[in-house]
Amino acid sequence: MGNGFSVAALPSPLIRYFLFTEKKCKDEVGAPGIVVGVSVDGKEIWSEGLGYADVENRVPCKPETVMRIASISKSLTMVAIAKLWETGKLDLDIPVQHYVPEFPEKEYEGEKVSVTTRLLISHLSGIRHYEKDMKKVKAYKALKMMKEMMESDQEKELKDKGDKNNEKNDFAKAKIEQDNEAKGQNSKPVKKKNDFEQDELYLKEKFENSIESLKLFKNDPLFFKPGSQFLYSTFGYTLLAAIIERASGHKFLDYMQKIFHELDMLATVQDEHEPVIYNRARFYSYNKKGRLVNTPYVDNSYKWAGGGFLSTVGDLLKFGNAMLYGYQVRLFKNANENLLPGYLKPETMVMIWTPVPNTEMSWDKEGKYAMAWGVVEKKQTYGSCRKQRHYASHTGGAVGASSVLLILPEELDAESVCNKVPPRGVVVSIICNMQSVGLNGTALKIALEFDKDRSDIP
């Protein structure tokens with residue numbers, strides 16, 4: 001347990017929920033090992049490992065277990081970009097060639113177009129992901145759009161049947177969402193077609209720097225006109241790493257380690273094979289016969305910025321709380337003038353957590369992608385029915401690993417900030433050593449449960 005707390009010290013409703021969550025997490029994700037961490041109002045109150053970090057040697061998971069955090073790395077990279085932007089060293093809206101002339105100027109359908117840092121951050125640049133076939137990507141997007149239109153028509157039809165059934169319909173919608181997520185969290189996950197069948201995810205080549213790794217995609221055509229469509233792209237973040245190097249004057253990893261030190265994330269490092277990293281887990285998947293196997297060796301040097309870091313739930317909670325503090329500190333300034341500034345300025349955090357038009361949040365269709373975070377905004381359609389809370393999160397999927405970091409801010413008003421200090425809210429981090437596991441829904445349920453019982457937490 002973190003910070004000297006134990007489950008036994010918590011109120012009985014939360015104890016029951018802990019026991020239920022532990023078993024449910026382990027059973028649903030089918031992972032050999034999983035680590036869960038929770039903080040409330042900046043204080044870590046629960047961190048626990050379940051199952052095995054190393055199956056063969058029967059090494060159990062614990063709060064200090066280090067695992068791949070996959071695409072949560074993008075949220076960490078955003079902090080570096082934001083720091084450079086705040087100090088005037090990086091312009092988000094000029095062509096990337098200003099910083100990285102090695103990246104060729106681009107055309108789309110015969111027209112010269114500009115790729116900017118801002119577009120890269122929100123996956124609107126047109127740069128591809130792991131799938132190289134543009135026709136396959138466009139066909140998938142068209143099919144997805146058609147499916148969403150059909151679902152929208154079905155919802156409208158239900159609505160037109162009468163407002164008397166509103167509460168029933170909302171419950172049914174919630175049940176469908178829960179069932180859909182459960183399907184994605186079966187006991188033995190299989191390879192996800194979009195990513196885990198792509199050869200580039202399993203690269204073994206070591207790249208010396210971000211500029212060198214651009215060769216993987218820099219000469220490929222854009223899949224669409226920048227700014228017009230959303231296409232999630234880890235390679236876009238490889239280009240961002242090169243931009244950070246040029247704008248900062250430091251190697252990307254050196255610059256990130258400085259940030260990790262300042263955030264007190266001392267267990268967070270790049271995922272390299274050679275160094276001895278204490279408490280590092282081993283990584284697993286299921287083969288076609290449904291048997292647990294070790295994942296192959298991969299070198300993630302081509303995507304440090306987009307999915308190449310290792311961390312612990314404790315470090316991720318620290319990071320989440322630093323972001324939440326920066327987001328909320330502006331609300332408390334009048335009530336408490338002695339508050340320290342946030343790591344990022346309040347206006348920066350507001351920009352980062354503002355949903356961007358034309359984007360998607362694949363792990364929660366209610367949300368949009370912002371700047372290296374998915375954001376769901378507060379919404380309630382019907383009285384005494386389902387209430388959608390505002391939260392920010394990012395999930396991750398890597399070879400042999402899945403992750404989520406979710407931040408649920410407390411709903412504050414002018415009166416509620418009196419006699420309080422930021423951060424106010426619940427932060428949940430979950431990491432596991434199994435690929436293709438959906439964790440956002442589980443994290444959100446945990447966060448809402450702790451938020452509901454925050455008055456009972458010691």
Side-chain angles (χ1 to χ4, degrees), residues 1-22 24-25 34-50 62-64 72 75 263-265 267 311-332 335-336 339-340 342-343 349 353 373 375-376 378 387-394 403-413 415-431 439-458:
M1 298 299 298
N3 291 355
F5 288 96
S6 68
V7 172
L10 296 171
S12 57
L14 277 182
I15 293 176
R16 289 195 297 271
Y17 190 72
F18 273 134
L19 297 174
F20 170 74
T21 300
E22 287 176 5
K24 187 171 183 287
C25 278
I34 185 169
V35 190
V36 183
V38 180
S39 72
V40 177
D41 301 337
K43 184 187 298 182
E44 183 181 318
I45 65 162
W46 180 41
S47 56
E48 189 162 353
L50 313 165
K62 55 185 178 180
E64 297 79 18
I72 297 175
S75 303
L263 290 169
D264 197 30
M265 299 173 64
S311 193
T312 63
V313 293
D315 269 16
L316 292 178
L317 292 179
K318 289 177 183 178
F319 171 56
N321 280 304
M323 298 301 98
L324 183 58
Y325 183 99
Y327 182 73
Q328 291 179 328
V329 69
R330 72 194 192 283
L331 304 173
F332 291 82
N336 190 338
L339 286 174
L340 292 170
Y343 191 71
M349 282 308 307
W353 281 356
W373 289 87
V375 176
V376 172
K378 181 179 178 181
K387 184 179 180 182
Q388 185 173 287
R389 284 285 299 273
H390 169 235
Y391 77 89
S393 75
H394 211 298
S403 60
V404 65
L405 174 62
L406 185 144
I407 303 171
L408 182 74
E410 182 180 348
E411 295 181 317
L412 297 168
D413 54 38
E415 293 181 3
S416 64
V417 300
C418 294
N419 302 317
K420 294 180 180 179
V421 293
R424 302 291 302 182
V426 183
V427 180
V428 179
S429 58
I430 308 175
I431 53 178
L439 294 170
N440 191 77
T442 300
L444 181 58
K445 289 170 190 173
I446 292 172
L448 290 170
E449 192 70 26
F450 275 88
D451 183 71
K452 182 173 67 176
D453 291 311
R454 64 165 55 245
S455 60
D456 296 328
I457 294 173

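Given the structure is predicted, the values throughout are model-derived calculations rather than measurements.
Separating the CG atom in Asp41 from the CG atom in Asp451 is a distance of 9.0 Å, to the nearest 0.5 Å. Put simply, CG on Asn419 and CZ on Phe332 are 11.0 Å apart, with the number rounded to the nearest 0.5 Å. To the nearest 0.5 Å, atom CE of residue Met265 and atom CG of residue Leu317 are 10.0 Å apart. Atoms CG and CG, on Leu408 and Leu444 in that order, are 7.0 Å from each other to the nearest 0.5 Å.
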(message) Could you go through Val375 and His390, starting from their C-alpha distance and side-chain angles, then the distance that decides it, and tell me whether this counts as side chain to side chain contact (heavy atoms under 4.5 Å, CB included)?
(response) CA-CA 7 Å; Val375 176; His390 169 235; 4.0 Å; yes
(message) As a quick check of understanding, evaluate side chain to side chain contact (heavy atoms under 4.5 Å, CB included) for Val417 and Arg424, giving each step before the final call.
(response) CA-CA 9 Å; Val417 300; Arg424 302 291 302 182; over 6 Å; no
(request) Go through the steps for Thr442 and Val36 under the test side chain to side chain contact (heavy atoms under 4.5 Å, CB included), then give the verdict. (result) CA-CA 10 Å; Thr442 300; Val36 183; over 6 Å; no
(request) For side chain to side chain contact (heavy atoms under 4.5 Å, CB included), just list the numbers for Trp373 and Leu405, CA-CA rounded to whole Å, side-chain angles, deciding distance to a tenth of an Å, and then say yes or no. (result) CA-CA 10 Å; Trp373 289 87; Leu405 174 62; 3.7 Å; yes
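Of the possible polar contacts, none joining the Tyr325 side chain to the Gly42 backbone as a donor-acceptor pair under 3.5 Å is found. Side chain of Ser47 to main chain of Gly37: no donor-acceptor pair is present (N/O by atom type, distance under 3.5 Å, no hydrogens or angles).
Applying the side chain to side chain donor-acceptor pair (under 3.5 Å) test to Tyr391 and every residue at least two apart in sequence or in another chain returns Asp364, Asn440. Checked against salt bridge (charged side-chain N to carboxylate O under 4.0 Å, His left out), Glu411 has the following partners two or more places apart in sequence or in another chain: Lys378, Lys387, Arg389.
At a threshold of 4.5 Å between non-hydrogen side-chain atoms, the residues Lys420 and Glu410 count as touching. When side chains are defined from C-beta on, Val404 does not count as touching Val428, because their heavy atoms never get closer than 4.5 Å. Put simply, the side chain of Ile446 reaches to within 4.5 Å of the side chain of Ile430, judged on heavy atoms. Within the 4.5 Å cutoff, the side chain of Ile72 has no heavy atoms near those of the Ile431 side chain.
In plain terms, the two heavy atoms of Gly314 and Glu44 that are nearest each other are CA-OE1, 4.0 Å. The minimum heavy-atom distance linking Ile407 with Pro409 is given by the pair O-CD, 3.3 Å.
Listed by first and then second residue, the side-chain hydrogen bond (donor to acceptor under 3.5 Å, both in side chains) pairs involving residues 311-324 are Ser39-Asn321, Asp264-Lys318, Thr268-Ser311, Thr268-Asp315 (not counting sequence neighbours).
A tilted orientation is assigned to the rings of Trp353 and Tyr327, their planes being inclined by 30° to 60°.
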